[in-house]
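Scroll down for the structure; my scribbles are underneath it.
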Amino acid sequence: MVGVDGAGRTHRLREIAAAAGRPVACVVFTTVDDLDALLARARTDGAMVIVDDAHRLPPEALRTLAAAARAGLPMAIARRPTIDGPELADLDDAVAAAGPVDHLGPLDPDSLAALVTAAIGRPATPEHVAAVHAASAGLAAVAAAVAAAPDGTPPALVARLQRRLAAAGRDTAELAGILALGLELDDDIVCAAARLDPAVAATATRSLRDQGLLMPGGERMIPAVARALLADLSAMERRRLHDTVAAALLATRADPVRAAEQLRAARARTPMAADVYRRAADRLRFVAPDRALSWYDEALDAGADPAVVAAPRAEATVLLGLPVDVDAVTASESDAARLAMVAGATAAYEGRAGRAAEALLSTGPPGPVLAVPALMATGQPEPARSAATGEAPLPLRRLAEAALAIGSPTAALPLLIEAAEAFEQAPPAVTVPDLPHALGALVAVTAGDTATAEHLLERALHAGAGGPVARNRHRTLLAWVRLRAGRYDTALAELDRLTGTSLPGRERLAFACLTAGIARRRGDIAQLRAAWALAEPVLARRAVDLFHLEMIEELLVAAARLRHHRRITPILDDLEAVVERLGRPDAWAVSLGWIRLQIAVVGEDQAGATAAANHLGGLDPS
């Protein structure tokens, strides 16, 4: 009989003995002389020799039994699957030569149903039998222990497990504790957690399998056995196991997200597990900020230092377009720069390019380089050139170079395309006020190239660049580009996707500009008034910048049609000042002059229209 402990070896031997039809001699080993005497009596009596747990006998006893079997003495033996010495192999060969080998595995459905019925004293339902099989893997001894309560932890099973692990030694017991957690761990991580070299771990795993603690054919622990093992541990011992696994995951440089998933499955709540959860969140914060926030929550629940989590959590939050009060965040001193960049990005999302530049200039690299587009957009070329010399990853340097060339949209556009490609190839691990795809689209429209603008935005949307907050930005601008290309239906389709979405100030202004542009082209005065009502509170902040000049044109012309001339003048003055500080580059002076001409025409201001037209005539829009 070959089978793991608990598979029914002893029960099967008893059945064979009862059916033998002759006397039976059971080997209970004390000394070699006693064994010789037992075998001699068996020959005299014509008895069958029964040897249970042959793997436990010493080598000399195994040699004696093998010789007796080869001499023709009827014999039935039972052992574990592993043959761990030549003497046991010789005995196995001698007995197998005279008769069949019976491999005992999990009980079949009928046998398991009969066992459960006998254990509970009434017919077992198919559902009950299935639950027992799931808990016990069909192993007879475990099934009998859990038959009454498949989801429970019977004291008899706990006691059985205690006895086996106490005899197994530290290595095997430590490995059993790791496996009981039920985690999907690679071999190197299991070895590191159990502090075993691979050869010793392999031996210990085989020992656990022979003892009937592992699932047949695998290295996962039988569910009921795992529950019994963990139930016998104190809370402190369970925490130690979780910390041990977490430390091994970190030491072996396992993927932190996969490691965190394993520890969460085990409900690990220890300082080391908290570190793994935090690392998983850090890995995801720029690519899947919603998942990152859930991991930061797990880290905090497991005892992570809130000051360590604060800055990266703020980065993930702002990428989701959720509000972040940076002043209220308590972070470690080393994370102050990260929070400043979050503040800069938040200000940019709200349409306050000047505030964004201030926040980004107040910190170390790469903050100043990130500030360059905002500085140029607000007409501060000298500070922008100085800031562009700072340290930053390549995509940010490319974006700064493109922003410095903004005076000539046709010259800036190729650089912005290059910056967009750099962002896609190696996204920088920082929060950015705006992506080069968005700025490139705005500049392309100014240069009269709506095809390139649409291409950049569709690439950004396909890549998911910049997180959810950037997705809304890119969708808004895509609608704007299609409006400028005369494709009103597709522009409306994009706007419909954004209707009801909570948008930051910058995108609320863009949404209002688009609504006004479509209403103006349709002659829909009611919709024009609605667009102005939406935009007026945003415009009242006087937070306009160069990149959005042509977009704001839609609102200013709409305001002129609604006879809100006094509201227009301050915005025009602000835009005029930006263009002036940049040295009045012709491309932007033409755009501004065109706005003035349209306002004059709409307002039936003949003198103003003539002046604007004459001014435009002296400019080179190229």
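Every value quoted in this text rests on a predicted model; they were computed, and no experiment measured them.
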State which residues pass side-chain contact (heavy atoms from CB on, under 4.5 Å) with Pro271; sequence neighbours excluded, sorted by chain then number.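 Expected list: Asp243.
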Between the main-chain N or O of [Y] and the side-chain N or O of [X], is there a donor-acceptor pair closer than 3.5 Å?
X      : Y      : answer
Asp53  : Arg56  : no
His474 : Leu457 : no
Ser207 : Thr203 : no
Arg238 : Leu230 : yes
Gln425 : Ala422 : no

Which atom pairs, donor and acceptor, lie under 3.5 Å between side-chain atoms of residues 109-116 and protein residues at least two apart or in another chain?
from, atom 1, to, atom 2, distance (Å)
Ser111, OG, Asp108, OD1, 3.0
Ser111, OG, Asp108, OD2, 3.3

List the atom of Leu477, the atom of Ala438, and the distance in Å for their closest heavy-atom pair.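 It is CD1-CB, 3.5 Å.
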Looking at Arg267, Arg269, Arg291, Arg278, which hits salt bridge (Lys or Arg N to Asp or Glu O under 4.0 Å) with Glu298?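 The option that passes is Arg269.
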Can you find a pair of side-chain heavy atoms, one from Arg258 and one from Asp186, that are under 4.5 Å apart?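 Yes. Closest side-chain heavy atoms under 4.5 Å.
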Just grab all the ring-ring contact (aromatic ring centres under 6.0 Å, His included) pairs involving residues 164-203, residues at least two apart or on different chains.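 Output for this query is empty, none listed.
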Does Arg313 count as lying over the ring of Trp295, i.e. NZ or CZ under 6.0 Å from the six-ring centre, within 45 degrees of the axis?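 Negative - Arg313 is either too far from the ring of Trp295 or too far off its axis.
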Arg240 atom CZ, neighbour heavy-atom count above 12 within 6.0 Å: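 Counting other residues, nucleotides and ligands, CZ of Arg240 exceeds 12 neighbours.
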